[in-house]
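Only one structure is covered here, and it is reproduced in the block below.
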Protein chains: 4
Amino acid sequence: MREPTAVQQTRRDVGPITDRGAARRRQLLDAARRVFERQGFTDARVADIVKEAHASHGTFYTYFDTKEAIFVEVARTVIEDMHEDMAVAVPTSGLDLRVHDAIDRFIHAYRPNAAIIALMEQLALDSVEMRALRLDLRDSFVQRTRRGIERMQADGSVPADLDVEYTAEALGAMLEYTCHLWFSLGKEFEERRLADALAGIWFATLHPEGHGAP
Amino acid sequence: MREPTAVQQTRRDVGPITDRGAARRRQLLDAARRVFERQGFTDARVADIVKEAHASHGTFYTYFDTKEAIFVEVARTVIEDMHEDMAVAVPTSGLDLRVHDAIDRFIHAYRPNAAIIALMEQLALDSVEMRALRLDLRDSFVQRTRRGIERMQADGSVPADLDVEYTAEALGAMLEYTCHLWFSLGKEFEERRLADALAGIWFATLHPEGHGAP
Amino acid sequence: MREPTAVQQTRRDVGPITDRGAARRRQLLDAARRVFERQGFTDARVADIVKEAHASHGTFYTYFDTKEAIFVEVARTVIEDMHEDMAVAVPTSGLDLRVHDAIDRFIHAYRPNAAIIALMEQLALDSVEMRALRLDLRDSFVQRTRRGIERMQADGSVPADLDVEYTAEALGAMLEYTCHLWFSLGKEFEERRLADALAGIWFATLHPEGHGAP
Amino acid sequence: MREPTAVQQTRRDVGPITDRGAARRRQLLDAARRVFERQGFTDARVADIVKEAHASHGTFYTYFDTKEAIFVEVARTVIEDMHEDMAVAVPTSGLDLRVHDAIDRFIHAYRPNAAIIALMEQLALDSVEMRALRLDLRDSFVQRTRRGIERMQADGSVPADLDVEYTAEALGAMLEYTCHLWFSLGKEFEERRLADALAGIWFATLHPEGHGAP
DNA sequence: TATGAATGAGGTTTCATTCAT
DNA sequence: TATGAATGAAACCTCATTCAT
């Protein structure tokens, strides 16, 4: 493969200058997302993306370094989306409701992004950058959970001796992988039963043996 | 593009006839496992495998159809290994010990096979066959868990209204993905704390609010 | 084994868009013809063709699916050439002259294309498409002959009871295979004697026992 | 490909020593013929032949140098068969009957051997040896025809000024290629009409304008 | 003589990426 | 900025033939 030319590399680094250029870039990103969702990363061809975006090969490389690079951009979009979706204020009723709400919001944030998340997961094995991105995404959720539990510990509704950090990691892992099984690997779950089962585990964990009141 | 000959296909289907052939096949499998663990699936070349096995290209295709095919064989080996590792008789002391034991055995079965499991996971997205294999592997663990819980329900140590099926799925997902994060994505966990946190969740779930005795 | 991408296939189906592309395609076709004539089909490598065309492997597959596909295109060119060569207006003198003229034109049309025709013949045994192409080529000549004879039957210079269809087939076969022996299998014939012998047979067949006047 | 070892080469040169060896050799030949007829030369694998003969690769190379070599042997058998079939004594009635008889015998000799003859034809383009074999086969028929015509010239039933050599070549070419079209390229002919048309051409050629009596 | 495992040169085809226009 | 042609490294897989047993 030939080395990139200084001129073209510069153009990519600078990014689009005109509005038309910015619009073009967005078209390519949108097209890439659709293609990745449809075909996965390996089976997605740059040719497919440019066709979907009604652009040409040359144009693609005006805006993106590599196929990996455009995927990273798509992935970042997904991460931002999920952050926003889950950042909604929590209703402050009882623990039970709060848990149910957290789980429902996770599922609803995950579902439309499942395909891209699965690809991040897949690429995380081969690419340090994707691994970091993937771990960041989950970390933001896990830390949010952790802070929530810590607040409950502070007001005494959760036992003080709970290992909050590791518990948050584990409960997070459970949610993530259940959604992966469900949305990406095609395992069939009934939504209501599943959400209840997950909430039951969270609730039992945070509220063991009648500690405090719900 | 040459198509495989019926005769050649037959030879592959039948498998090695002599001991020498069987040994060769095994060498290739062992080599393939090492290469896959080292380089992942995508970056593993058939050339790497035959080099590692001190064999020739032709020999590879005497025994295996494709790179995918040999991976499937490697994966099957891993699955059998894990089945055996986890099939050890359970000590019948209290719930707490049983849970800790189950989790420890899972971790110890998972750890040496983590790389291959991660690849199964990766390939499951693109290949129906790998997806089936992957789901089978987890199913055997989840069903074992489920049966264990059902037995405890029978003797009253676990609430009768627990949704055993979905709970087993969720607890299984938690274990699997935690191990994946730990062994394959390089997340750093302290083994003792992690095992305790996981066991805590299991225990709280199965033994909520002082139901029965530990 | 990688499958062709839909996008790539489309590009090949659509054909070159720019003049530069069209020129490139033609270069490849010309090169392919030379290589096939020199080395035959089996011994012609795609590598030989691209080398002859001063192009790269990738470029070849931009324009053609397979080695078979480019041969089919070359063959079509030959067929068109021959159609044109033989479509020249027939001088309307006596039967004897007309027969000689037909045979001479056949030989002159065949000679420069003999190598490719021989390859069509060779491939016709293995490929349905080539068989159809081969039979089409001869059919156009045989039908032309047949119509010629029918016109002569109409004006009474050829017996009405002649089986025109089968006779045309047989006389055609004679011409074709004689040329094949001569130009492709290296049998040595003197052109004048051969043309006379062939014409003698045609003439005797169409004008038996002094039927009509020459 | 490795060079043949002196030992093995010698064995092949010497040929089978025991009866068992001779039988084995024949099994391989018979199997090869069936495989070639079924699959053609290119698509016939040595593996197919040994399977059909219930032998092993090693055994094959005990008796034959190459795939080409065994084909040549098969072809020789066909050639001998055809010689015998056509060497039957000619009934000495009139020219018309003799011509019909010659054509019928050709067709009947050709038909069962059409597949192998077609392969000889196909290989003749690439191999000097096969070309020689192919030309020999037709030559024996053409020369027989030629001698027949010369005898008729001697007794005055065929014009003395006929170019017997070239005419025999041309009439032979017609027969051969008609059979090739019919039996190998799948062109549909009605046997009776075809034989009559061919005989008509022969007869008109040898007996033009009422020369002599039939 | 017979077997079947082993060889490896050789071929086809893809696709991310660059560059001339 | 946009286009699309060109590149070529790289990968997979076959099969005639040899050789150890």
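All chains are named by letter (A, B, ...) in the order of the sequence lines, taking the proteins before the strands, and each is independently numbered beginning at 1.
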| Are any of Y61(B)'s side-chain N or O atoms less than 4.0 Å away from OP1 or OP2 of dT14(F)? | no
| request: Could you check Y63(C) against G58(B) and say which one's nearest nucleotide on DNA chain F is further toward the 5' end? | output: Y63(C)
| said: Any residue in residues 39-48 of chain C with a heavy atom nearer than 4.0 angstrom to DNA chain E? Just list them by number, or reply none. | reply: R45(C), V46(C)
| field | Under 4.0 angstrom between S56(D) side-chain N/O and dG4(E) OP1 or OP2 | value | no
| field | Residues that T66(D) engages under side chain to side chain contact (heavy atoms under 4.5 Å, CB included), provided they are two or more places apart | value | E68(D), A69(D)
| request: Considering only NZ, NE, NH1 and NH2 on the basic side and carboxylate oxygens on the acidic side, decide whether D30(C) and R26(C) come within less than 4.0 Å. | output: yes
| request: Taking atom types as modelled, find out whether T62(B) and T59(B) have a side-chain donor-acceptor pair closer than 3.5 angstrom. | output: no
| message | What contact category does F64(D) fall into here, base, sugar-phosphate, or nothing, at under 4.0 angstrom with non-hydrogen atoms? | response | nothing
| said: Please report the distance, rounded to the nearest Å, between NE2 in H57(B) and P in dG11(E). | reply: 16 Å
| note | On DNA chain F, more 5' by nearest nucleotide between F60(B) and R24(C) is R24(C)
| field | Terminal axis angle for the helix from dA2(E)-dT21(F) to dT21(E)-dA2(F), five pairs an end, nearest 10 degrees | value | 10°
| said: Give me the atom names and distance for the closest heavy-atom approach of A31(B) to I49(B). | reply: CB-O, 3.8 Å
| field | Q39(D), CD atom: more than 12 neighbouring heavy atoms under 6.0 Å | value | yes
| message | Does G21(D) reach a base, just sugar-phosphate, or nothing at all? Heavy atoms under 4.0 Å. | response | nothing
| Can we say R25(B) and E73(B) salt-bridge, meaning some charged N sits less than 4.0 Å from an Asp/Glu carboxylate O? | yes
| request: Could you tell me the separation between the CZ atom of R20(C) and the P atom of dT21(E), rounded to a whole number of Å? | output: 7 Å
| message | Is T18(C) close enough to dT21(E) that one of its side-chain N or O atoms is under 4.0 Å from OP1 or OP2 there? | response | no
| message | For R38(A), I'd like to know if atom CZ has over 12 heavy atoms of other residues, nucleotides or ligands within 6.0 Å. | response | yes
